[in-house]
K.L.:
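Right, I'll just put the structure down here and ask away after.
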Amino acid sequence: MTATPLPRDFFDRPVDEVAPALLGRVLVHATPEGEAAVRLTEVEAYAGPLDPASHSYRGRTPRNDVMWGPPGHAYVYFTYGMHFCVNLVCGPDGMSSAVLLRAGEIVAGQDLAQARRPRSSVRDLARGPARLCQALAIVREHNGLDVCDPASTLRILDGVPADPATVRTGPRTGVSSAKDTPWRFWIDGDPSVSPYREHVPRKRRPAGRA
DNA sequence: AGGTAGATGTTCT
DNA sequence: GAACATCTACCTG
């Protein structure tokens, strides 16, 4: 892997073009404890206000603000009360589209990743969007970081792009709308690809009686 | 192998 | 108040 991040214009094109082109690339996160890196094997595209499954579908809010900014920045959000997920914003500026980084293979700092996820097998360290964030210690404070800046602690490197012939597509995982849009991209046969899960509405907790 | 339940809190209606 | 781009643990076969 080289030390130079992908150029910003890599992200300045339609999100469904950027997403498959990200497969095989390497996301590095430097922390005081050291560096850890993941080679991306699974991603999903979310196409801004036109996409009912996108966080920006209902317009700009404090949470999704970063999505409306320039491409090449990280959009980190908190979900299910305990997990973080990371996206990379795509262009053009103001389009509010982004690619969710769903899974990958740890290629550097495996000791760190394992310390952060002590109950996990090596294969599962970054197998899933919240696991990926945990392995790389990506949390809310990293929201908005510029991953194309060589000086940034969170960077996306070119790595070795996946052979397009090995890229598969299918419906996105765990989304309740736009189920038919095949905007999940993964490297066929890679063991770190996360299992597909259909969206299931959460069962309501029995409302506390009074 | 596969299903389900429970955890936790932020965001938006 | 409900939904939520999830994960783990704990069942059952």
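Letters A, B, ... are given to chains in the order of the sequence lines, protein chains preceding strands, and every chain is numbered from 1. For the numbers below, each heavy atom of this structure counts, side chains included, while hydrogens, waters and symmetry mates do not.
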K.L.:
Within less than 4.0 Å of OP1 or OP2 of C:dA5, is there a side-chain N or O belonging to A:Ser176?
P.N.:
no
K.L.:
Hey, is A:Tyr46 doing a stacking thing with C:dA5, by the 5.5 Å centroid and 30° angle criteria?
P.N.:
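A stacking contact exists, since A:Tyr46 sits close and nearly parallel to the base ring of C:dA5.
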K.L.:
Looking for any heavy atom pair under 4.0 Å, which part of the strands does A:Arg117 touch: base, sugar-phosphate only, or nothing?
P.N.:
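It contacts sugar-phosphate atoms only.
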K.L.:
For A:Phe78 and B:dC12, give me the distance from atom CZ to atom P, rounded to whole Å.
P.N.:
14 Å
K.L.:
Counting heavy atoms from C-beta on, name the nucleotide in B:dC12, C:dA5, C:dT8 closest to the side chain of A:Arg131.
P.N.:
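Side chain of A:Arg131 sits closest to C:dT8.
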K.L.:
Relative to A:Phe10, does A:Arg13 satisfy both conditions: NZ or CZ under 6.0 angstrom from the six-membered ring centre, and within 45 degrees of the ring's axis?
P.N.:
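Pair A:Arg13/A:Phe10 counts as cation-pi.
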K.L.:
Base, sugar-phosphate, or nothing for A:Arg63, non-hydrogen atoms under 4.0 angstrom?
P.N.:
sugar-phosphate
K.L.:
A:Val175 side chain: which of C:dA5, B:dC12, C:dC7 is closest?
P.N.:
C:dA5
K.L.:
Take atom CZ of A:Arg58 and atom P of B:dC12, then tell me their distance rounded to the nearest Å.
P.N.:
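It works out to 11 Å between those atoms.
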K.L.:
For A:Arg197, which contact category applies under a 4.0 Å heavy-atom criterion: base, sugar-phosphate, or nothing?
P.N.:
nothing
K.L.:
Looking only at the side chain of A:His55 (C-beta and beyond, no hydrogens), which of the listed nucleotides C:dT6, B:dT10, C:dA5 gets closest?
P.N.:
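Taking heavy atoms from C-beta onward, the closest nucleotide is C:dA5.
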K.L.:
Is it true that the side chains of A:Arg117 and A:Gln134 contain a donor and an acceptor less than 3.5 Å apart?
P.N.:
yes
K.L.:
In whole angstrom, what separates A:Tyr57's OH from C:dC4's P?
P.N.:
14 Å
K.L.:
Counting the atoms with a prime plus P, OP1 and OP2 as sugar-phosphate, which does A:His199 contact under 4.0 Å by heavy atoms, base, sugar-phosphate, or nothing?
P.N.:
sugar-phosphate
K.L.:
Is it true that a side-chain atom of A:His29 and a backbone atom of A:Ala36 form a donor plus acceptor pair closer than 3.5 Å?
P.N.:
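No.
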K.L.:
Expressed as a whole number of angstroms, how long is the span from A:Phe84:CZ to B:dG9:C1'?
P.N.:
10 Å
K.L.:
For A:Thr173 and A:Glu44, test the side chains for any donor-to-acceptor distance below 3.5 angstrom and give the result as yes or no.
P.N.:
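Yes, because at least one side-chain N or O of A:Thr173 sits under 3.5 Å from a partner of the opposite role on A:Glu44.
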K.L.:
Paired with C:dA3 by Watson-Crick or G-U wobble geometry, both distances under 3.5 Å: which nucleotide is it?
P.N.:
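In the structure as shown, C:dA3 has B:dT10 as its Watson-Crick or wobble partner.
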K.L.:
Taking the six-membered ring of A:Tyr75, is NZ or CZ of A:Arg63 closer than 6.0 Å to its centre and within 45° of its axis?
P.N.:
no
K.L.:
Measuring centre to centre across the rings, with the benzene-like ring taken for any Trp, is A:Tyr77 within less than 6.0 Å of A:His55?
P.N.:
yes
K.L.:
Does a nitrogen or oxygen in the side chain of A:Arg119 sit under 4.0 Å from OP1 or OP2 of C:dA9?
P.N.:
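So the side chain of A:Arg119 is within the cut-off, an N or O lying under 4.0 Å from OP1 or OP2 of C:dA9.
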K.L.:
Rounded to whole angstrom units, what separation is found between the CG atom of A:Asn64 and the P atom of B:dT11?
P.N.:
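So the two atoms are 11 Å apart, to the nearest Å.
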K.L.:
Taking atom C1' of C:dA5 as reference, at what distance in whole Å does atom CE of A:Met67 sit?
P.N.:
10 Å
K.L.:
What is the base-pairing partner of B:dT4, counting Watson-Crick and G-U wobble geometry with both distances under 3.5 Å?
P.N.:
C:dA9
K.L.:
How close or far is atom P of B:dT11 from atom OH of A:Tyr80, stated in whole angstroms?
P.N.:
16 Å
K.L.:
Between P on C:dC7 and CZ on A:Arg127, what's the gap in Å once rounded to a whole number?
P.N.:
10 Å
K.L.:
Which residue lies toward the 5' end of DNA chain C, A:Ser56 or A:Ser120, if each is placed at its nearest nucleotide?
P.N.:
A:Ser56
K.L.:
Can you check whether A:Thr79 has a side-chain N or O nearer than 4.0 Å to OP1 or OP2 of C:dT6?
P.N.:
no
